Number of protein chains: 2
Amino acid sequence: MIAAHICSGCAVRDRALCASLDDVELDTLNALGQRRRLTRGQTLVWAGEESLVCANLLSGVLKLSAVTPDGREQVVGLLYPADFVGRPWAELADFTVTALGDVELCVFPRKPFERVLEDHVRMERLLLQRTLAALEEARGRMLALARLSAREKLAGFLLDMADRVQGCRATASGPVTFDFPLTRGEMAEVLGLTIETVSRQLSRLKAEGAINLMGARGITIRDRALLEAA
Amino acid sequence: MIAAHICSGCAVRDRALCASLDDVELDTLNALGQRRRLTRGQTLVWAGEESLVCANLLSGVLKLSAVTPDGREQVVGLLYPADFVGRPWAELADFTVTALGDVELCVFPRKPFERVLEDHVRMERLLLQRTLAALEEARGRMLALARLSAREKLAGFLLDMADRVQGCRATASGPVTFDFPLTRGEMAEVLGLTIETVSRQLSRLKAEGAINLMGARGITIRDRALLEAA
DNA sequence: CGAGAAGTTGATGTGAGTCAAAACGAGTGG
DNA sequence: CCACTCGTTTTGACTCACATCAACTTCTCG
C-alpha cells in the first residue's frame, strides 16, 4: 500500500490519467514514476530531442512551444494540473515543454509507460479521449490565431484565464481579480502577437472600463459582458 | 466471407483503421458500415449539430472547418484517403466536414462504432496513435498560421501538396506537375489569408521561376529548392 | 458561343509589427 | 529608508504586409 499512500495525498489522483487505475494498478505505475519539480523558465523537454519521458502535471502551468528555423516562436498549448505531458510512441519530441511558474510533475520514462498503457485499456481509452479533446482545442485555437483581431484574441484569452485561474471575487457575478501566470511576452507568444500589441490592447480594454490592471501581474475583470462582446 | 469480399477491393484496407482488424473482425464492422459518396461542396457533418457518424475516407479530400460567430471561416484540417473522420464519444460535432472534390466514404453510426472501438484494443490504439499525430500536425499548423508570412505559407503548402498528391514528373528529382484539389478561395481558408493574397503570391512565385501555373488548376513545381528556402 | 464562376491585377486603407525611448516595479546595497 | 539598477511594461512615431474594394481577364461548361 506504499503507492496508495504516496498517491493518496495527490491533488490530481482522480482527475489525471491515474483516475482510470485502482490502487493496485497504481502500484505498478508508481514503481516507474518519480516526482519532479521545475522552477519558472526551466525546460522539461526540448523539441527535436529524443522523447524520453511522459508525465502527469500535478501543479503549476506548462507551455508547449514550437519554433521556426529562424527563431520565431509560438506557444501551441498550455497545460494545467491533471493534464498529460508527452507523446507516447514518438521517438522524437514534437515541442518544447517549459514551466511558466513553479511546477510539480509525476514523470515516467516513456518506454515503460507505453507498456503500462498497452496493458491498461481503460487508461489508454482515457488518454484517447483527452487527446481528442486536445485536438479539438488546438483546432479551435487555429481559428483564433488566423482570423481574430488582436483585441478579440486578448478578450477571449482573459475570459479563459478568469475561468481557469479562479481568484477572489466579491459577488458571484461581480468583478473577478486574479494574477496572470504569464508575462506580457508569454501572452504574446500564446496569441500570436507581439509584446507591444498585447500591452496596447490591455491598456485599451482598461481605458474602456472592461478590466483593471494593478502592477504587472494583477488584473480585475470589471465588465465581463464587454469582453464577451469582443 | 462477404465482408472480406467487400473490403478486399478496398483501396485503404490496410492503411485505414481497419488495418488493425482481421477478416472476421472486419465482418462485424462491415455490418455497421455503409458506403457513401459526396460530390464537390457537399457537407457530411455540420459543426454544432449532433454528432451521428464516424467514417473512413476511401478516396478524395475533405476539409474540416471552423467558423466565428460573425462568419469568418478557417479550415482547421484536411483529410486524405485512409484518414479517420469524426470524433467518437462526442455528443456534438466540433467542425464542419465538407468534400473538396468527389469523395467516397465508409460511414458508421457513431454509437455502435464506439462499441466496436471499445471491443478492439488494437483498433483503439491505432486511433490513439493517429489522433496524437493529428494533434501534432494541428499544433504545427498553429505555428504556421501565427508566425509565417503569406509567401512562406504558400511555399510550404505547395511542397506539402506536391508530396501528397503525386502527379507526373519527368525525372525523380525534376519538376512535378499536378492539379490542385482546392480552389484559390479554399487555399486562402486553409492558410488564413484572402483569395487575393494567395493569387498574388502564386503569381510572384511564378515570376520568380519557382513554379508554373497552367489554367486555374494545373501547377508545376519547377524549383523545389527555391520553395524550400521560403 | 455565351454566361457565370473563378482568378488576376491595381489602387488604397489599416491593423499590427518594428524601432526607440520613457515609465514603472522589484530587488539590492548603502 | 532611500538611491540605484536591471528587467518588464507602457507609450509614441513610423513602416509595411496583408486586407479591402473594384475593375478586368480567363476559365469552364452548358
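Remember, predicted model here, so these are calculated numbers, not experimental data. Protein chains get the first letters and strands the later ones, always in sequence-line order, with residue 1 at the start of each. All heavy atoms count here, side chains included; hydrogens, waters and symmetry mates do not.
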query: When the nearest nucleotide of DNA chain D is assigned to A/Val198 and to A/Arg147 on a heavy-atom basis, which residue is associated with the more 5' position?
result: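 In this pair, the answer is A/Val198.
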
field: Nearest-nucleotide comparison on DNA chain C, the residue closer to the 5′ end among B/Ile195 and A/Arg151
entry: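 Here B/Ile195 is the residue nearer the 5' end.
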
Quick one: is [N] close enough that its OP1 or OP2 comes under 4.0 Å of any side-chain N or O from [X]?
X	N	result
B/Thr197	D/dC18	no
A/Ser199	D/dT11	no
B/Thr183	C/dA6	no
A/Thr194	C/dG17	yes

Value in whole Å for how far the [atom2] atom of [N] lies from [atom1] of [X]:
X	N	atom1	atom2	result
B/Leu145	D/dA17	CG	P	19 Å
A/Arg40	D/dG7	CZ	C1'	12 Å
A/Ile211	D/dT9	CD1	P	14 Å
B/Glu73	D/dA19	CD	C1'	17 Å
A/Arg204	D/dT10	CZ	C1'	16 Å
B/Arg184	C/dT9	CZ	C1'	14 Å
A/Gln201	C/dG17	CD	C1'	13 Å
A/Leu205	D/dT9	CG	C1'	16 Å

So, [X] and [Y], do they make that salt bridge, N to O below 4.0 Å?
X	Y	result
B/Arg151	B/Glu208	yes
A/Arg40	A/Glu186	yes
B/Glu189	B/Arg72	no
B/Arg37	B/Asp102	no

task: Take the C1' atoms of the five end pairs on each side of the helix from C/dC1-D/dG30 to C/dG30-D/dC1, derive the two axes, and give their angle rounded to 10 degrees.
output: 40°

Once you apply a heavy-atom cut-off of 4.0 Å, does [X] come out as touching a base, just sugar-phosphate, or nothing?
X	answer
B/Leu193	sugar-phosphate
A/Gly192	sugar-phosphate
B/Arg200	base

- prompt: Will you find, in the side chains of B/Ser149 and B/Glu152, an N or O donor that is under 3.5 Å from an N or O acceptor?
  reply: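 Yes, a side-chain donor-acceptor pair sits under 3.5 Å.
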
message: For the residue pair A/Gln74 / B/Arg147, report whether a side-chain donor-acceptor contact shorter than 3.5 Å exists.
response: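 Yes, a side-chain donor-acceptor pair sits under 3.5 Å.
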
Steps toward side-chain contact (heavy atoms from CB on, under 4.5 Å) verdict (A/Cys10, A/Leu58): CA-CA 8 Å; A/Cys10 176; A/Leu58 304 183; 3.9 Å; yes

